[in-house]
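All values below were derived from every heavy atom in this structure, side-chain atoms included, with hydrogens, water molecules and symmetry-related copies excluded. Order of the sequence lines sets the chain letters (A, B, ...), proteins ahead of strands, with each chain counted from 1. All values derive from a computational prediction rather than experimental measurement.
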Number of protein chains: 2
Amino acid sequence: MTMTPRSSHSPNSRAGGRPGRRTGISEATVARLPVYLRVLTSLAESGVSTVSSEVLANAAGVGPAKLRKDLSHLGSYGTRGVGYDVEFLVYQISRALGLTQHYSVVIVGVGNLGQALAGYAGFGTRGFRVVGLLDADRARVGSLIAGIEVRHSDELETIISEHDVSIGVIATPAGAAQDVCDRLVGAGVTSVLNFAPVVLSVPDDVDVRKVDLSIELQILAFHEQRKSLVEQEAVG
Amino acid sequence: MTMTPRSSHSPNSRAGGRPGRRTGISEATVARLPVYLRVLTSLAESGVSTVSSEVLANAAGVGPAKLRKDLSHLGSYGTRGVGYDVEFLVYQISRALGLTQHYSVVIVGVGNLGQALAGYAGFGTRGFRVVGLLDADRARVGSLIAGIEVRHSDELETIISEHDVSIGVIATPAGAAQDVCDRLVGAGVTSVLNFAPVVLSVPDDVDVRKVDLSIELQILAFHEQRKSLVEQEAVG
DNA sequence: ACGCGCTTGTGAAGATGTGCACAAAACGGT
DNA sequence: ACCGTTTTGTGCACATCTTCACAAGCGCGT
Ligand SMILES: NC(=O)c1ccc[n+]([C@@H]2O[C@H](COP(=O)([O-])OP(=O)(O)OC[C@H]3O[C@@H](n4cnc5c(N)ncnc54)[C@H](O)[C@@H]3O)[C@@H](O)[C@H]2O)c1
Ligand SMILES: NC(=O)c1ccc[n+]([C@@H]2O[C@H](COP(=O)([O-])OP(=O)(O)OC[C@H]3O[C@@H](n4cnc5c(N)ncnc54)[C@H](O)[C@@H]3O)[C@@H](O)[C@H]2O)c1
């Protein structure tokens, strides 16, 4: 058998991501801001009021120059010769990331992973609230997980419109993921976090991010191999 | 209080990742190869024997040019006018990623997430074997999860050297992660997959990859905000 | 008031990653 | 044997990301 060209759904869209579209904040920077935010929050809790780019960069695992450039995209919020005011920076980063708003989240697929996610405290660090746990398995429906009742996935559309859900988390088996995704999008969800090992097709205005354990392992395997080759070479 | 420069552990190292160090395969490409591999495996199971860059690219969610360039880094394994032989490409990508070897993995922290990971079938897609589940909580020690007995984390060093473990997965609370990481590295682990929301410090020869749910959500939040701003603007 | 030391913010250079467009190669039909 | 069709592999231009290096700005001590 030989396959002929045929797009899976749409000619695959990896929405949103197109960078400098409107804001001056680049994708790479956006991915690091949450790290800075976490470090800063932790510093604030330790009573630190001011921090230099050097210290913050070290704690965040990046170089000081990169950190300063990242922050400079939000505005000029540091003081030369002094550093950054921790609380002020926390606020500015939160605002830049849109964390001053609140987001309702549904989790679809309440198996091993979905349950862990549902109970994940750090979920609601700021702004995120799980308003629905959905599963297709009627045996699971009705049970309470982390204080939230599991509902049947038939109710997906209802729950999404009732709670104005903008973020959907997919933790179903791979086979169901695209269907679930289509339903989420159809019901108005515009951001999807996908844990299933499949490439999702979505319209251009929908953002998808994936978390894929086996990809991560394979990347580590690649580097392991590289190391062992280098090692062997050093010996031989 | 004001913080003065002091590195958290080492002057933070984000090991390995330095790209074109030895192999001609770039980091960006390495991150996509597992996706191609998954699609190809699935095609092979459907009885597809040959695939064009266009079809494969669509299924993998990338452009055809990028796909071809990625594959060209492994060698010239396509046939002009025809496409790629699916099985052969599966083999070549597996080899490039180092999946022809086997890797032993330990999971440290068998809470909600650790249990889900332990039971994750797709774990051993190819090459990865979980040889240890470790937890500090004696109440959990001895229980069986996915057929593997949970051992106390005191045995970490023993298990790692006995099974020649090269990959460690950290699923402990954030507070314990750096300690666990240090012990893993001390015992000889050279790749770490970290689920705890902290930046780990490791020596240069150790690779760390992180999976961070709350960062993913915050990135989605940023784009949600961007969308709603654009929308508002279109109205106003 | 002034100079000194510190740290930010950023221009410019370098490195990496992406997408286009096309020549080169393979196949099939005649 | 040859031609037309298809699809790869890649040179090149462009875009994005990173790193360097330093002038500008700020606070403090004198
Ligand atoms: N367990 C892990 O550690 C892990 C890690 C990485 C990725 N994943 C992926 O996450 C997904 C879930 O993994 P899991 O271990 O929780 O699997 P699981 O089988 O334990 O849970 C899947 C759940 O989804 C439900 N479901 C199935 N079809 C559905 C549908 N159409 N609508 C709503 N719910 C539906 C099932 O009833 C079940 O409860 C899988 O795609 C898996 O590959 C899991
Ligand atoms: N649950 C999730 O969905 C989720 C999602 C993303 C990230 N995380 C992160 O993953 C980690 C684990 O989450 P969880 O929900 O499974 O937490 P959990 O509390 O259910 O499990 C943590 C486990 O680690 C064990 N532990 C504690 N200290 C240890 C040590 N020093 N050595 C070995 N084991 C130790 C505990 O006994 C417990 O069993 C946390 O850092 C959490 O932030 C969890």
Value for CG (A:L99) from CD (B:E224), rounded to nearest 0.5 Å, stands at 12.0 Å
Roughly, in whole Å, what's the span from [atom1] in [X] to [atom2] in [N]?
X     : N      : atom1 : atom2 : answer
A:K69 : D:dC20 : NZ    : P     : 12 Å
A:R32 : D:dT19 : CZ    : P     : 9 Å
A:H73 : C:dG11 : NE2   : P     : 10 Å
A:K66 : C:dT10 : NZ    : P     : 19 Å
B:Y84 : D:dG9  : OH    : P     : 4 Å
A:D70 : C:dT10 : CG    : C1'   : 13 Å
B:I25 : C:dT16 : CD1   : P     : 15 Å
B:L67 : D:dT10 : CG    : C1'   : 14 Å

Counting only side-chain nitrogens and oxygens, does [X] get under 4.0 Å of the OP1 or OP2 atom of [N]?
X     : N      : value
B:S53 : D:dT7  : no
A:S26 : D:dC17 : yes
B:R68 : D:dG11 : no
A:S76 : C:dG9  : yes

Q: Determine yes or no for a side-chain-to-main-chain donor-acceptor pair under 3.5 angstrom, with A:E87 supplying the side chain and A:A44 the backbone.
A: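 Here the side-chain-to-backbone pair does not exist.
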Review point. Do A:T29 and A:D70 get their side chains close enough for a donor-acceptor pair, meaning under 3.5 Å?
Key: yes
Item to complete: Establish, from distance only, whether the side-chain atoms of A:N58 and A:E54 form a donor-acceptor pair under 3.5 Å.
Response: no
Closest approach to the side chain of [X], judged atom by atom: which nucleotide of [options] is it?
X     : options                : answer
A:A28 : D:dC17, C:dA24, C:dT18 : D:dC17
B:T79 : C:dT18, C:dA26, D:dC26 : C:dA26
A:S72 : C:dG9, D:dC26, C:dG19  : C:dG9

Checklist line | Geometric class of the B:F128/B:Y103 ring pair [parallel <30°, tilted 30-60°, perpendicular >60°] | finding: parallel
Item to complete: Assess whether one donor atom and one acceptor atom, taken from the side chain of A:R80 and the base of C:dT7, lie less than 3.5 Å apart.
Response: no
